[in-house]
Every structure is written in structure tokens, then in C-alpha cells.
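Data block below; observations after.
Please read all numbers here as calculations on a predicted model, not as lab measurements. Every chain is numbered from 1 and lettered A, B, ... according to where its sequence line falls, protein lines coming before strand lines. In what follows, every heavy atom counts, from backbone to side chain, and hydrogens, waters and symmetry copies are set aside.
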Amino acid sequence: MAEFLSLQAAVSKHINNGDTVAMEGFTHLIPFAAGHEIIRQEKRDLTLIRMTPDLVYDQMIGAGCAKKLIFSWGGNPGVGSLHRLRDAVEKGWPNKLEILEHSHAAMANAYEAGAAGLPLAVLRGYVGSDLPKVNDQIKFIECPFTGERLAAVPSIRPDVAVIHAQRADRKGNVLVEGIVGIQKEVVLAAKRSIVTVEEVVDDLGASVNACVLPSWAVTAIAEAPRGAKPSYALGYYDRDNAFYKDWDGIARDRDTFQAWLKDNVFEKGAA
Amino acid sequence: MAEFLSLQAAVSKHINNGDTVAMEGFTHLIPFAAGHEIIRQEKRDLTLIRMTPDLVYDQMIGAGCAKKLIFSWGGNPGVGSLHRLRDAVEKGWPNKLEILEHSHAAMANAYEAGAAGLPLAVLRGYVGSDLPKVNDQIKFIECPFTGERLAAVPSIRPDVAVIHAQRADRKGNVLVEGIVGIQKEVVLAAKRSIVTVEEVVDDLGASVNACVLPSWAVTAIAEAPRGAKPSYALGYYDRDNAFYKDWDGIARDRDTFQAWLKDNVFEKGAA
Amino acid sequence: MSLEFTASEMMSVTAARALTNDMTCFVGIGLPSEAANLARLTHAPGVTLIYESGTLQTKPDVLPLSIGDGELCESALTTVSVPEMFRYWLQGGHISVGFLGTAQIDRFANLNTTLIGDYREPQVRLPGGGGAPEIATNAKEVFITVKHSKRTFVKDVDFVTTVGFGRDGKARDNVPNIGRGPTVVITDLCILKPDPETKELVVTSLHPNVTREDVIEATGWDIRFADQLETTPAPTARELEVLRDLKARTNAHHSGQQ
Amino acid sequence: MSLEFTASEMMSVTAARALTNDMTCFVGIGLPSEAANLARLTHAPGVTLIYESGTLQTKPDVLPLSIGDGELCESALTTVSVPEMFRYWLQGGHISVGFLGTAQIDRFANLNTTLIGDYREPQVRLPGGGGAPEIATNAKEVFITVKHSKRTFVKDVDFVTTVGFGRDGKARDNVPNIGRGPTVVITDLCILKPDPETKELVVTSLHPNVTREDVIEATGWDIRFADQLETTPAPTARELEVLRDLKARTNAHHSGQQ
């Protein structure tokens, strides 16, 4: 059964230096509060997995938490580059960052296969792309029925999954609504999971086929109101698109980034 | 876009003798009205696919519509045998029925792979079972990453999918709710699809992540109120468990079966 | 004062007791479903019941006739698609116990629900595998409940639909990512468990008023008994009351409709 | 009377016109999203727009900044998981058009959104593939819209993130279950289409007031022009009005919040 913890305790207990950590939320419900707590606790040498690294990983990479990034699209959506990610890849600041990159389809399939307990995902993918040349995890298999050549990638089975969701009930069942992304898959694929929620309620108010993670499939739950800001939580608050645009200026420069980090992460406690 | 047709017209237009037809609904929303219309139109030589043949296929097999059955559990749930299925397999009445059988897991994966446009499904299945000895479609592959031996089955891509759903809106978008089974998968896996619905409404009233089939993914829609009886439609009517029990007596004998068929199918028109 | 109970009630109560509060149980229809819900309504209110129709954590008030009755969906935490059920929840490793019935079982706990006789010319055609072949290998362990008779308990099943420990007791050896397999078989006469070495089923407990001869007579092979043969505790008054209420509600529900 | 319009408006209007009412379009963020929504708000109200975030048949009132803005979900017919989007809807063959942007494009319409320079020592690291590699092969055809410049239109891309017709124009030959690939590229200067034989991009239409020299100057290879070179029709007053309204609404929406 899921254990209710403070965000500080959940991160401290379940994320270790060197862990493989997948923080998901496909452009919705991005677990920023958890990312900031990981920065505050100065976790190091993490292998970070995320389809769209977004600002949360830009911040964590800039703060020195990551040694490796597995991803499929690393930009500031609709704005431009992730400057901290680029600085780490291109200049090795604050440390060299190893990258392993996929397409979205491959990563989505790899999470799905991880949730399904399989060692591999099979997809019709990477045809004609150079990505298999720079990612040795991409292989090709032959269909035993048709002879068709199909791509295969290893499933993703992280040590820890971190997601943000709208709410949990008091037994620890979690509701995710709206753009559900790959939240269910990453939690089921991981050895341990931390779910931050907007609120804990008596009744989830879930419809009959809603995306609900049962308490026994979740490791820890932490209440973190507005824990997805500047991303959004459908039904709670909107995406702060202006901040996404402002981030470009903040992150472009190491000093302004570090000042931002000090004011907005280190000198703020967990929610 | 989905075409609205009468059930008679939909079956006449889209189901041909010799077609591979998958009528799904996992113990819920079983498309009985469509099955009866297929019997009335005396379709022949169908390859019928269905995880749980249930009474609907017992009736169609007894009526002589089928030459082959692909399935994973062929009983009257909680009651006993499907006597018409057994009579066809064991005695060749009214005609010899070829069977190809799988496990539920393999069929569910095969539908999923069909919906995903893949030629095969990979699962951790059939370990130690004799089923691969009698079903030459079951093969085993080796994972290129771990070396693990995994089962592979061909995906299911039927000519026609037939399902029953709660409702469609006037544009032909379809809502399925409750035990959604493999309804979405079979429609997406098939070349053509017929969806019977309890009613056509202005607004589906679907929640944000509801199981909705867009009009452009469905071929034909036919209104068939109570079209799943004696199965059930969540929110409309309950399962007629008493009829399921009575069916055992009706189907046990060829004459009582034929009398039932005459009174309840041939002498009744389409809804 | 001793209570009156039938062999069938003894079986259900004993099977129910095998489940504990912290288990996540993938429930087969029929006897397993009766036992699992009895457990939930007595000593294991927190047990998580999952049916292959996609209903996660369901709490039916009456026993379902099929594995997809509306009752299961309406009382579930949520309902997922059937591919998701088999991929994420079963194969994904979230099921601690698969609870199965069977038509035939052999000394290595292999199950046959496919057919009696030869595959191409069957004497009796049975329903087939359903969810069982993968429940038996992907659940962490398997409980089996079935009525004891010579027709059911055979030396070698005609067809291995669902593996217990294989024809030689070694089918799970060195297979990666496979569950422990059957750990207990509960019948209307006794409790059987696989020998830790050979995996052959051994009687470990006789139900009250059942003799060794009763079991030998109802078993199609030379059945062995544990050195420390126990007597299964009789049902309690509360267990019997809850079971009878459940069955009465269920019967009323399933015949009330036409 | 002739209307005033920018090259960028010309590009959006022309790209929008490529879409028709009966298409199911998998929409990339940025220019493709602007064009697709302009089409929906003008001549193709029935066009089905799908974003990789899982939003099926969405009708945003303002342009999303990311492919997962709340607007997309709230105005969608339904929202599915990301694995389902890529497996059932894209790979399953339900997408008639993939509409993509890019950072680099070469003469065989290969797209590079990965990096400039060498992979291990990049001069400029770009965002990466995202959905594009499989959109380009699983959609029945691909439309591309991108601003024309020598930096963007290169003879050979540094990295083939997303295949057009490969390094030699033959990458799709004899590949089973693959879409037709790029059928049109719309820039702020012209329309290009692949030569039916060689698959090399050829200018088929110049936008009003654009010369051959403008295109040659902005293209990194020896660009060819079709024998029957057309002039792209200018935007209509209504197209411009709808586009400008859409962009004004979008700007107001995205800066209004902090």
C-alpha cells in the first residue's frame, strides 16, 4: 500500500544518488515540486529518463543532479532550446552529461513494455533514421510470421518513477485525468514510485474507466499543491506559458540561472 | 466517417460469406442483435474470432454460419458447456468446425498488436502449456537484449469487427463504458467495423479520458436497442443470468435449439 | 457443540482461509470466486480481487456468474481494458496469487481445461485455457480449488492447458521471470501441497471426518500423505453464516431475472 | 485591390490550404499547428487534428504553446495515453497526414532536428526527434512547413533524424507498410514537391513577388524549378483575418499569465 509521506521524506527515502529516475508527465502534470526537492537534497549521478526533459530537467541538469539523460525531445516547447541541457552537452557545465536519445514512439513503447513486464518493445520505427547509428540500444528483429523488419528497444524499468497527479484518496489510490501521457506506465514500470498530488480527498470522484493507480501499485504519496507549476494540472490551474517564455532568458546564462535557483529552489522549502 | 445504416443493411453490406469476423464484448456488450441478423441473412463459411465465444457464437455455429473458430475460452460462463460448439467440434453438426485456440493473454495481445498495426504480438506466455503443440501459429522468439524466450503470436486483423456500445452521437462517434474489454482494439484492428448502439444521442456525455471511437475510425453504425441481450449494457440493462442458465437446456438438443432459433431469430426481424 | 456443514462448504471455507489481507488475487470464476469473496467478507476485508474482465479491486455483493457481470465493474476501483489487464497487471507482476479451478489436475498440479481424449478427436471438449495459462506462470503463486474425484485427479492430464510443474515436475526450473506455481490445492476432502523436492502433490491435511481411504479412493494415482498429516480446522459459525448468506443472495439474484 | 501580407502569413495560409476536410492530421507544434488550425477555421472545418500528447480530434481556440496545453485536451473528442497514440492511432494507420516542421531539410526532404556538427561534439544541439521519425513513416503522407534559408535548406542534412527519401532518394523503396513520405514542402518563398522519379525537391510554385533568384539564394543546393512553374495564389482577406485573429488571441493568452 502507498505510504503517505512529506515530499521531503519521500525524496529522501526513495531516491538515492546514482539511481535511474524517470519523472514523467507529458506536457501536463510535470512534477516540478519533486524536481526542486531533488535539487535541494543535492542528489547526484542520477540517470534521468523523460520523453520531454522540459524545464524540470533543465533545472536539475543545471543544478548538477544528472550524469546521464535518456530522452526523445529536449526543448522548451514552443520557445526554443533548453539552455542548461545544451550547456551540459556542449560544454560539460556543471558536469559532462551523457545522452541517449530515442524517438517518442520508441520511448512510449519502451515504457509500455516496462509496465507490461517485458524486456523489449517492438515497433515499426526508426526506418531510415540515423538515430540507430548513435544509440546502440536500438536493434532490429525479423517478424517470425511475415519476415518484416521491425525495431526493438529495451523496455524502461527505472529504479524510481516520479509523477504528479490531481488527487489521491485516503487509502492511497491515485487519479490522473486529462493528458495522462505515460504516467500509468512509468509508475508500473518502476521498482519504486513517488506520486505528488494536488490534494488528498475522501472520494476520488473517478469515472468508471478513469486512469486510477491503485494504492498497492504506488510506493509513496506526497501532497504538493500546485506541485506541477509552471506546468499545469487539469481542473486545478493552467499552464504558465509566460514563465516558459521567461525561462529562455533565465537559463541562457549560468549566473542568472544560479541566482534563480537560489531564490526559487534552495531558499524555498518543500511544499 | 461512420455511415448510419439499419442493422439489416450494415450486415448485408459489410459481411460477406467467407469473411473473417470478430464479434467482441468481453462478457459485456455482446453484440447479440448483430449475431442474429447474421444468422437471418444465412451468412456462411465465416471464420469467427472471439476470446469467449459465449452464447452468440454457439447460436451462430449451430445455425451453420461458421467454418472455423479462433477463441480462447469456449464455455457458457458459470453454467457449463456450449453445446452447439461441442456438437460441431465433436460430431460435425451442422458442419465440421475447425478450431484454433489460444489463451486469453495471447488473444488480448494479438488484438492489441492488430490495433497497433503490427504483424505480431510478443508476450511472456504459453510456458509449459501444450497449446503450442496444437496451434502452429504460436512461435517463440529470443529477446535480442536479454536472451529471454518469449511467445509470439500473429496479430489479429479481421475483415470485419462487430461490437455493441452504449451510444453514438449524430456524427458517429461511439462511447463504450464499463467493461470495455477489447472493443476498441478489435475495431481498430479490423478492415471494416459495424457498431450497434443502444441509442444515438446529441452529446455522448463522455468523461475526458473515456473510451471513445471517433467516427472516422468506424465503418457503420446501427441503432439496436437492447442489442446486447441476454448480455448487458452498463447503464441500460442487466445481464440476464437466468437466460444464460436456461440456454444450457435449449442448446443441449438439436431440435430444441432449432425450434428456439426459428421462434427467436428467424421469425423476428432486425430491431 | 459441532456445526453441520457440507463437504463443499468445507472446501470453500478452507480455500478462503488461504487468502490474506495483503494479497492481490487474480480470481477465476466458480469455486475460486466463491472462496475469494468469502475471504473478503470474513477475515481478509482488505484482499484485492481482480477479474480478467478488467475490473481492478472489485467488491461484488453477490457472486458473479460470469467474470464480467456488471456487479464487478460497478464495485471496482476502476475498470481497464482486457489487453491492459493481461499486460500491465498480470504480466507486469502485480498479482500475488492466481486462484484457479480446473477440470483435470495431475500429480504435478498441471491443469487440463481443454479436452478429454485426443485433441483432434476429443471425447469431451472442455472450454479451453482462458486466462489460466498465463495466470499460472505470471502470478507469484497459484492456489487451486477443485472437487476431489478420480475423474478429476488423474496421474497425467490428457492435455497440459496450464502448467503446474510439468510432466516431470521440473517445468519451472531455470525459467526466468516465472512464478512459484501452485503452492496449495484445496479440495472437498483435503489440502494438498507440492513436495518441495519432487513437486508431486502430497496430502498435508485431511478435512474433518475424511479418511485417508476416502482420498485414496478419489485420486487417480498412488497418492502420498505427509508425515505430519494435519486435520483441517472445521468452519466457524461465522464463516458458514457469511458463506450461506452469500450463496443465497447470489442464487436469488441470478434467477430473479428473465 | 491587393492585400498586404507578410511572407510568414503567406507561408501559413499556403500550408493551411494543403489540408482538406477529410484528412486526419497528426500536427507538429509551431508552424504546422498554426497552419492546421487556420485550415480548420477556414476552408476545412471538418479536418481532424491530432497532437502527440494524446488529444484526438481537438479544436483549440488559441494555438497551443506546447503540444500538451490544456486547451487541446479540453476541446478534444477524447484524450488517450501517449503509448496508445503512437501505437493505435499513428502506427495503426489512422493518420492520413503528418504535418511537420524542421530545423534542417535536404534535397531529399530528410529532416534534421538533432544537431548541427558532429554527434559526439555538436556545434549546436537541437531538441531531437520527438514524434517525427515515426510520423514520417507511419502517416500516409507528410507535409512539411519551414522558413526558407540557406542554413535550413542544405544539400545533405548533418543528421537524418527523420527520413524523407534517404541520402539517395530510395529509402522508401521496397519497405513494407511505409507511407508515401513528404509530398509537399511549404516555405515562406515557395512550394516544393519531390520529383516523381528522383525524389529530389523541386520548386513547383513561387509565392507572389518571389523570384527564382530569391529561392536560389536561400537554398543550399542547386535547386531545380518545375517546367510548369506556378504562382501561389495570394491569401484572401478572410484567410488573413482569421490568421491574424488567431495569432492575436494566442499572444494575448500566452502572455497573460504569470
Side-chain angles (χ1 to χ4, degrees), chain B residues 26-28 51-52 54 71-82 85-86 89-90 99 101-109 111-112 115 123-131 133-134 146 148-149 178-185 211 231-232 234 238-246, chain C residues 29-30 52-55 63-70 72-74 79-83 85-87 90-91 110 113-114 119-138 159-166 171-172 175-178 253-258:
Chain B
F26 197 81
T27 71
H28 174 215
M51 291 179 69
T52 56
D54 201 83
F71 73 107
S72 43
W73 194 85
N76 180 345
V79 178
S81 289
L82 293 174
L85 167 58
R86 280 184 58 176
V89 172
E90 296 170 18
I99 59 169
E101 66 184 306
H102 277 289
S103 66
H104 276 353
M107 282 196 76
N109 275 281
Y111 276 120
E112 202 273 349
L123 68 152
R124 185 175 289 115
Y126 289 125
V127 179
S129 171
D130 284 343
L131 283 164
K133 297 180 186 169
V134 297
T146 61
E148 185 178 352
R149 184 174 181 263
I179 292 179
V180 293
I182 39 187
Q183 270 95 318
K184 179 185 270 189
E185 285 75 16
C211 179
S231 168
Y232 74 106
L234 188 74
D238 291 336
R239 191 172 193 267
D240 188 348
N241 283 326
F243 181 83
Y244 271 81
K245 290 183 168 179
D246 291 348
Chain C
I29 209 62
E52 63 195 10
S53 53
T55 50
L63 295 175
L65 188 64
S66 83
I67 41 72
D69 281 22
L72 291 175
C73 176
E74 287 164 52
T79 298
V80 302
S81 76
V82 168
M85 176 53 74
F86 280 98
R87 286 176 70 80
L90 178 60
Q91 188 177 265
N110 300 301
T113 53
T114 302
Y119 189 79
R120 292 294 155 200
E121 299 289 337
Q123 261 171 272
V124 181
R125 177 64 226 193
L126 300 166
E134 282 77 19
I135 294 172
T137 52
N138 288 321
F159 189 93
V160 180
T161 312
T162 299
V163 75
F165 299 99
R172 289 173 192 264
V175 176
N177 301 309
I178 194 166
H253 182 85
H254 291 172
S255 39
Q257 202 182 344
Q258 178 74 330

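Once rounded to the nearest 0.5 Å, the distance linking CD1 of B:I179 with CG of C:L72 reads 6.0 Å. Atom NE2 of residue C:H253 and atom CZ of residue B:R239 lie 10.0 Å apart, to the nearest 0.5 angstrom. Rounded to the nearest 0.5 Å, atoms OG1 (B:T146) and CG (C:N177) are 8.0 Å apart. The CG atom of B:L85 sits 11.5 Å away from atom CG of B:N76, with the distance rounded to the nearest 0.5 Å. To the nearest 0.5 angstrom, C:I178 atom CD1 is 9.5 Å from B:R124 atom CZ. Distance check: B:T27 OG1 to C:L65 CG gives 10.5 Å after rounding to the nearest 0.5 Å.
Contact tally against chain C (heavy-atom pairs below 4.5 Å) for B:L234, B:N109, B:V89: the top residue is B:N109. Looking only at heavy-atom pairs under 4.5 Å with chain C, the residue among B:F71, B:Y244, B:F26, B:Y126 that has the most is B:F26. Contact count versus chain B (heavy atoms, under 4.5 Å) is highest, among C:E52, C:R87, C:E134, for C:E134. Per-residue counts of heavy-atom pairs under 4.5 Å with chain C were compared for B:K184, B:R86, B:M51, B:H102; the largest is that of B:R86. The candidate with the highest count of non-hydrogen atom pairs below 4.5 Å against chain C, out of B:S81, B:A106, B:S129, is B:S129. When C:V163, C:N138, C:V160 are compared by the number of non-hydrogen pairs under 4.5 Å with chain B, C:V160 comes out ahead.
For C:S53, the parts sitting under 4.5 Å from any heavy atom of chain B are the backbone and the side chain alike. Heavy-atom distances place both the backbone and the side chain of C:Q91 under 4.5 Å from chain B. Only the side chain of B:Y232 comes within less than 4.5 Å of a heavy atom of chain C; its backbone N, CA, C and O stay farther away. C:S81 touches chain B through backbone and side chain together, each having a heavy atom under 4.5 Å away. Heavy atoms closer than 4.5 Å to chain B are found in both the backbone and the side chain of C:V124. Contact annotation for C:L63: neither backbone nor side-chain heavy atoms come within less than 4.5 Å of a heavy atom of chain B. Neither the backbone nor the side chain of B:M107 comes within less than 4.5 Å of any heavy atom of chain C. Looking at C:T113, there are no atoms closer than 4.5 Å to chain B (heavy atoms on both sides), in backbone or side chain. C:N110 does not touch chain B: none of its heavy atoms, backbone or side chain, sits under 4.5 Å away. Of the atoms belonging to C:E121, not a single heavy atom falls under 4.5 Å from chain B. Both the backbone and the side chain of B:L123 come within contact range of chain C, judged by heavy atoms closer than 4.5 Å. Contact of C:F159 with chain B is made through backbone and side chain together, with heavy-atom distances under 4.5 Å. Heavy-atom distances place the side chain of C:P133, and not its backbone, under 4.5 Å from chain B.
Every residue two or more places apart in sequence or in another chain was checked for a side-chain hydrogen bond (donor to acceptor under 3.5 Å, both in side chains) with B:H28, and none qualifies.
C:S66 approaches B:P77 most closely through the heavy-atom pair CB-CB, 3.5 Å.
In this structure a side-chain-to-backbone donor-acceptor pair under 3.5 Å is missing from B:E185 to B:A108. The main-chain N or O of C:G131 is never found under 3.5 Å from a side-chain atom of B:S103 such that the two would form a donor-acceptor pair. At distances below 3.5 Å, at least one donor-acceptor pair connects side-chain atoms of B:D240 with backbone N or O atoms of B:F243.
For the pair B:V134 and C:R120, the minimum side-chain heavy-atom distance is below 4.5 Å.
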